[in-house]
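Contents: one structure, followed by commentary.
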Amino acid sequence: MKEIGANKCFGGQQLRFSHASEVLDCDMSFSIYLPPQVEAGGVAQQVPLVYWLSGLTCTDENFVTKAGAQRYAAELGLAIVAPDTSPRGEGVPDDPEGAYDFGLGAGFYVNATQQPWAGHYRMYDYILDELPALIAKEFPVDCARAGISGHSMGGHGALTIALKNPQRFKSVTAFSPICSPLNCPWGEKALGRYLGPDRGAWEQYDACALVAKSAVQLPVLVDQGTADTFLAEQLKTPLLEKACLDARYPMTIRMQDGYDHSYFFISSFIGEHLAFHAGCLY
């Protein structure tokens, strides 16, 4: 692991590292914010953490520089880990047409089974296992107190990873998540290529399908802007609302009037999301 960035921020440290990923078979980068509480009284102590999963076209840096989360994380005593959104580097296949919604920047947080993607695109295993093991080894965080959050494709990742692994996370939040990849163009393209034509295999990465099967109900907060141009075609929030109603899953889904899909939306409510996590992690 190599440090490639370090900035003092609200009394804590905003750090960036690169490391060799065995799971993804390439070098990866991630950012981590460590709040001032890790050095309280001059003695290192563990703090709970929140994983942030970003959306299409993003890297680990978008959230760090645009969301304004560090102020709230410093007040609440939360570490925030922001990984990249997909494998990258020489030999990692991209969308053959160069589109933004597949390939580099669009790993969709799944384990690809189809070639040529299967050799590198295993973001599900990276987020669930490899990265947390590295974080636990290298930083003063309490991985038993972890939440997960994300935006758009990353909101899809946060919901699906947590719903499949409720023992690993104590809280979940999402901004503008892709709620049902089974029923939107982004999801059909990504899952069709990464997983193949069998739509039954896609259900394990569809939040609506997972809600219907969930035996454990986690605390979940979802915010969706009503002015989001992707809402009707790609995000399908009403499908998630219906799935929760049918399954009696007590998920809080808020429609925020006039907000769009941008980081202006995220920065407006990120403090509430981090407070939601802190209430579950402390």
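Count residues from 1 along the sequence. All figures in this text were calculated on a predicted structure; none of them were measured in a lab.
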Residue pair [X] / [Y]: nearest heavy atoms and the distance that separates them:
| X | Y | result |
| --- | --- | --- |
| A106 | L56 | CB-CD2, 3.4 Å |
| Y194 | G103 | OH-N, 3.2 Å |
| V64 | Q70 | O-NE2, 3.0 Å |
| G55 | T85 | O-CG2, 3.6 Å |
| Y249 | S214 | CE1-CB, 3.8 Å |
| S152 | L235 | OG-CD2, 4.5 Å |

Could [X] and [Y] be called an ion pair, given the rule that one side-chain N must be under 4.0 Å from one carboxylate O?
| X | Y | value |
| --- | --- | --- |
| D94 | R88 | no |
| R193 | E97 | yes |
| K189 | D95 | yes |
| K213 | E203 | yes |
| R16 | E61 | yes |

Residue pair [X] / [Y], side-chain heavy-atom distance below 4.5 Å:
| X | Y | result |
| --- | --- | --- |
| D206 | R199 | no |
| E188 | P181 | no |
| I80 | L274 | yes |
| Q204 | K164 | yes |
| L240 | M251 | yes |
| Y126 | S21 | yes |
| H19 | M28 | yes |

Steps toward side-chain contact (heavy atoms from CB on, under 4.5 Å) verdict (Y109, Y124) = CA-CA 5 Å; Y109 305 102; Y124 177 86; 5.6 Å; no
Under the salt bridge (Lys or Arg N to Asp or Glu O under 4.0 Å) rule, what do E241 and K236 come out as? Steps first, then yes or no, please.
-> CA-CA 9 Å; E241 291 176 317; K236 305 289 186 180; over 6 Å; no
Compute whether any side-chain donor of one residue and acceptor of the other, for [X] and [Y], lie under 3.5 angstrom apart.
| X | Y | value |
| --- | --- | --- |
| T173 | H277 | yes |
| S31 | Q14 | no |
| Q13 | K8 | no |
| S54 | N62 | no |
| D84 | T59 | no |
| Q37 | Q45 | no |
| D223 | H273 | yes |

Consider only side-chain heavy atoms of I, L, V, M, F, W and Y, link residues closer than 4.5 Å, and tell whether [X] and [Y] are in one cluster.
| X | Y | result |
| --- | --- | --- |
| L218 | L163 | yes |
| V23 | V110 | yes |
| V38 | V50 | yes |
| Y51 | L34 | yes |
| I161 | L182 | yes |

Candidate pair L49 and I135, rule side-chain contact (heavy atoms from CB on, under 4.5 Å), full reasoning = CA-CA 10 Å; L49 73 158; I135 297 298; 4.2 Å; yes
Can you name the side-chain contact (heavy atoms from CB on, under 4.5 Å) partners of K2, sequence neighbours left out?
->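 In terms of side-chain contact (heavy atoms from CB on, under 4.5 Å), with neighbours along the sequence ignored, K2 is linked to I4, S18.
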Decide if the gap between the ring center of [X] and the ring center of [Y] is smaller than 6.0 angstrom.
| X | Y | value |
| --- | --- | --- |
| Y259 | F264 | no |
| F108 | Y205 | no |
| Y33 | F63 | no |
| F230 | W186 | yes |
| F175 | F265 | yes |
| W117 | F102 | yes |

For N165 and Q167, indicate whether the former's side chain and the latter's backbone hold a donor-acceptor pair under 3.5 Å.
->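 It does not hold such a pair.
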Using the six-membered ring wherever Trp is involved, compare the ring planes of W52 and Y263 and label them parallel, tilted or perpendicular (cut-offs 30° and 60°).
->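 The rings of W52 and Y263 sit tilted, inter-plane angle from 30° to 60°.
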Go through T252 and V222 one step at a time and tell me if the side-chain contact (heavy atoms from CB on, under 4.5 Å) criterion holds.
-> CA-CA 6 Å; T252 300; V222 174; over 6 Å; no
Given side-chain contact (heavy atoms from CB on, under 4.5 Å), test Y72 with E272 step by step and report yes or no.
-> CA-CA 9 Å; Y72 304 104; E272 293 181 24; over 6 Å; no
